[in-house]
Amino acid sequence: MSNLKPTLSFEQGWPILQEEAINKVILLVEECHTSNQFTSEETVYNMCDNNPAGPEAQKLYQQYKKTMEGYVSSKVVPSIQGMKDGVLLHELVKRWNNHKIITRWLFRFFHYLDRHLVPRRSLPSLQETSHLTFYELVYGEMNDGVRDAVISLINREREGEQIDQALAKNILDIYVEIGGNTMKYYEKDFEESMLKDTAVFYSKKASDWIASKSYEEYMLKAEECLKDEERRVQSYLKDRSKHKLLEVVEYELLTVHASKLEEKKQINLGAA
């Protein structure tokens with residue numbers, strides 16, 4: 001069976017897919033074209049059916065990957081380069097949503113590969129390939145800026161400012177979605193730095209409060225901060241961060257200053 005020639009060779013079929021499907025989808029997303037008349041998955045079927053895991057299918061898979069890389073490199077990365085803070089976060093959410101739309105459309109055209117080539121060759125799925133491309137090309141270059149912008153939002157909220165919580169949640173959801181609904185990128189690229197920054201933030205607050213507030217005032221502040229962090233997890237941070245986050249806050253506010261707090265407590269008891 002593997003010696004049978006495909007109905008369409010890669011050289012014949014790929015230009016059809018590119019012109020009649022892929023380019024139209026990109027125009028649909030990038031320029032809001034309304035046409036949804038695309039070449040169906042029949043083109044891929046005609047290229048691969050005689051040998052579902054053969055050379056033509058493998059060429060298509062590699063070309064799919066190159067197409068996603070080309071789109072992200074030419075459209076996504078230039079659109080967010082040089083951006084910072086909230087502007088960067090808003091554009092990133094928009095670009096990620098567009099990327100998911102393109103991924104869903106291309107899956108319709110190439111799903112034959114996911115059904116036949118991917119399992120037989122133990123390859124990453126089309127969606128995994130697409131999401132990893134976005135991660136490597138976008139986050140590989142801009143994760144520091146994205147992470148720092150989200151942490152800045154969190155600290156502004158800690159200082160009493162109203163922030164766009166939905167924006168923060170949408171950004172953190174991207175880490176999870178890129179990881180195939182796992183927490184590996186959220187943990188590595190965001191949570192670790194967020195916890196370190198939280199320790200720095202509350203260390204400074206604790207130093208100020210321990211010098212200026214009574215025992216009762218300090219303890220009320222500590223309790224308020226812990227409740228605020230719990231609400232933060234409920235609103236936009238991931239549930240898995242709750243225990244670690246509260247541990248950091250308790251350590252900086254209570255454990256580090258335990259002896260001074262005990263002194264203040266005894267002074268207050270003596271005064272009473």
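Scope of the values below: all heavy atoms of this structure, side chains included, with no hydrogens, waters or symmetry mates. We number each residue from 1, following the sequence as shown.
In the model, Trp209 has no side-chain atom that pairs as donor or acceptor with a side-chain atom of Glu217 under 3.5 Å. Using modelled atom types and a 3.5 Å distance limit, the side chains of Ser259 and Glu262 yield no donor-acceptor pair. Side-chain polar atoms of Asp189 and Tyr135 form a donor-acceptor pair below 3.5 angstrom. No donor-acceptor contact under 3.5 angstrom links the side chains of Tyr71 and Asn98, judged on distance only.
Residues Ile80 and Val138 share a closest heavy-atom pair of CD1-CG1, 3.6 Å. Of all non-hydrogen atoms in Ala222 and Leu253, the two that sit nearest each other are CA-CD1, 3.8 Å. The two residues Glu19 and Lys24 have their closest heavy-atom pair at O-CG, 3.9 Å. The two residues Val77 and Leu137 have their closest heavy-atom pair at CG2-O, 3.8 Å. Across every non-hydrogen atom of Gly86 and Leu167, the tightest pair is O-CD2, 4.4 Å. Closest approach of Pro78 to Ser73, counting heavy atoms only: CD-O, 3.2 Å.
Of the possible donor and acceptor atoms, none in the side chain of Gln63 sits under 3.5 Å from a partner among the backbone N and O of Leu60. Asn23 places a side-chain N or O within 3.5 Å of a backbone atom of Gln18 that can act as its donor or acceptor partner. Checking side-chain atoms of Asp85 against main-chain N and O of Val87 turns up no donor-acceptor pair under 3.5 Å. Of the possible polar contacts, none joining the Gln162 side chain to the Glu157 backbone as a donor-acceptor pair under 3.5 Å is found. In this structure, Ser79 contributes its side chain and Val76 its backbone to a donor-acceptor pair below 3.5 Å. Remark: side-chain polar atoms of Gln12 are paired, donor with acceptor, to backbone N or O of Ser9 under 3.5 angstrom. For the pair Ser241 (side chain) and Leu237 (backbone), a donor-acceptor distance under 3.5 Å is absent. In this structure, the side chain of Asp114 engages the main chain of Leu126 through a donor-acceptor pair within 3.5 Å.
Two residues are said to be in side-chain contact when any heavy atoms from C-beta on lie closer than 4.5 Å; Tyr61 and Val118 meet this criterion. Considering only heavy atoms from C-beta on, Leu245 comes within 4.5 Å of Val233 through its side chain. When side chains are defined from C-beta on, Asp228 does not count as touching Glu230, because their heavy atoms never get closer than 4.5 Å. The shortest distance between side-chain heavy atoms of Tyr185 and Val176 does not fall below 4.5 Å. Within the 4.5 Å cutoff, side-chain heavy atoms of Lys227 are placed close to those of Arg231. Side chains of Phe109 and Val25 form a contact here, defined as non-hydrogen atoms less than 4.5 Å apart. When side chains are defined from C-beta on, Lys264 counts as touching Ile210, because their heavy atoms get closer than 4.5 Å. Side chains of Val146 and Phe190 form no contact here, defined as non-hydrogen atoms less than 4.5 Å apart.
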* **Pair Tyr112-Asn46, side chain to side chain donor-acceptor pair (under 3.5 Å): steps then yes or no** => CA-CA 10 Å; Tyr112 187 91; Asn46 289 334; over 6 Å; no
* To do: With side chain to side chain donor-acceptor pair (under 3.5 Å) as the test, would you mind laying out the steps for Ser130 and Gln127 before giving the verdict?
  => CA-CA 5 Å; Ser130 174; Gln127 179 172 292; over 6 Å; no
* Asked: Given the rule in the salt bridge (Lys or Arg N to Asp or Glu O under 4.0 Å) test, do Asp239 and Lys242 qualify, once you have shown the distances and angles that lead to the verdict?
  -> CA-CA 6 Å; Asp239 288 342; Lys242 180 178 177 179; over 6 Å; no
* Evaluate the side chain to side chain contact (heavy atoms under 4.5 Å, CB included) criterion for residues Arg158 and Thr198: first the C-alpha distance (whole Å), next the side-chain angles of each, then the deciding distance (0.1 Å), finally the verdict. => CA-CA 10 Å; Arg158 285 171 176 156; Thr198 297; 3.0 Å; yes
* Please walk me through it: do Glu191 and Arg147 pass salt bridge (Lys or Arg N to Asp or Glu O under 4.0 Å)? -> CA-CA 9 Å; Glu191 185 187 63; Arg147 178 198 64 218; over 6 Å; no
* Is there a salt bridge (Lys or Arg N to Asp or Glu O under 4.0 Å) between Lys66 and Glu69 once you walk through the steps? -> CA-CA 5 Å; Lys66 288 179 182 177; Glu69 289 170 351; over 6 Å; no
* Candidate pair Leu92 and Ile171, rule side chain to side chain contact (heavy atoms under 4.5 Å, CB included), full reasoning -> CA-CA 8 Å; Leu92 183 61; Ile171 290 292; 3.8 Å; yes
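More than 12 heavy atoms of other shown residues, nucleotides or ligands fall within 6.0 angstrom of atom NZ in Lys213. Annotation for Lys244: atom NZ counts as buried by contact number, over 12 foreign heavy atoms lying within 6.0 Å.
Electrostatic pairing of Glu187 and Arg240 counts as a salt bridge here, judged by a charged N lying under 4.0 Å from a carboxylate O. With respect to Asp208 and Lys205, no salt bridge is recorded, no charged nitrogen being found less than 4.0 Å from a carboxylate O. At a threshold of 4.0 Å, the pair Lys75-Glu30 does not count as salt-bridged, since none of the basic side-chain nitrogens sits closer than that to a carboxylate oxygen. In summary, Glu229 and Arg232 engage in a salt bridge, as defined by a charged side-chain N under 4.0 Å from a carboxylate O. The pair Lys188-Glu192 fails the salt-bridge criterion, with no side-chain N (NZ, NE, NH1 or NH2) lying under 4.0 Å from an Asp/Glu carboxylate O. With respect to Glu177 and Lys100, a salt bridge is recorded, a charged nitrogen being found less than 4.0 Å from a carboxylate O. Between Lys238 and Asp173 a salt bridge is recorded (basic side-chain N to carboxylate O distance below 4.0 Å). Between Lys204 and Glu252 there is no salt bridge, since none of the side-chain N atoms of the basic residue sits less than 4.0 Å from a carboxylate O of the acidic one.
Rounding to the nearest 0.5 Å places OG of Ser125 at 12.0 Å from CG of Leu117. The distance from the OG1 atom of Thr133 to the NZ atom of Lys65 is 6.5 Å, given to the nearest 0.5 Å. Here the CE-CG distance, from Met47 to Leu113, works out to 9.0 Å after rounding to the nearest 0.5 Å.
Between Trp14 and Phe10, the ring-plane angle classifies as parallel under the 30° and 60° cut-offs. Tyr218 and His257 have perpendicular rings, their planes meeting at more than 60° on a 0 to 90° scale where under 30° would count as parallel. Between His131 and His99, the angle of the ring planes lies from 30° to 60°, which puts this pair in the tilted group.
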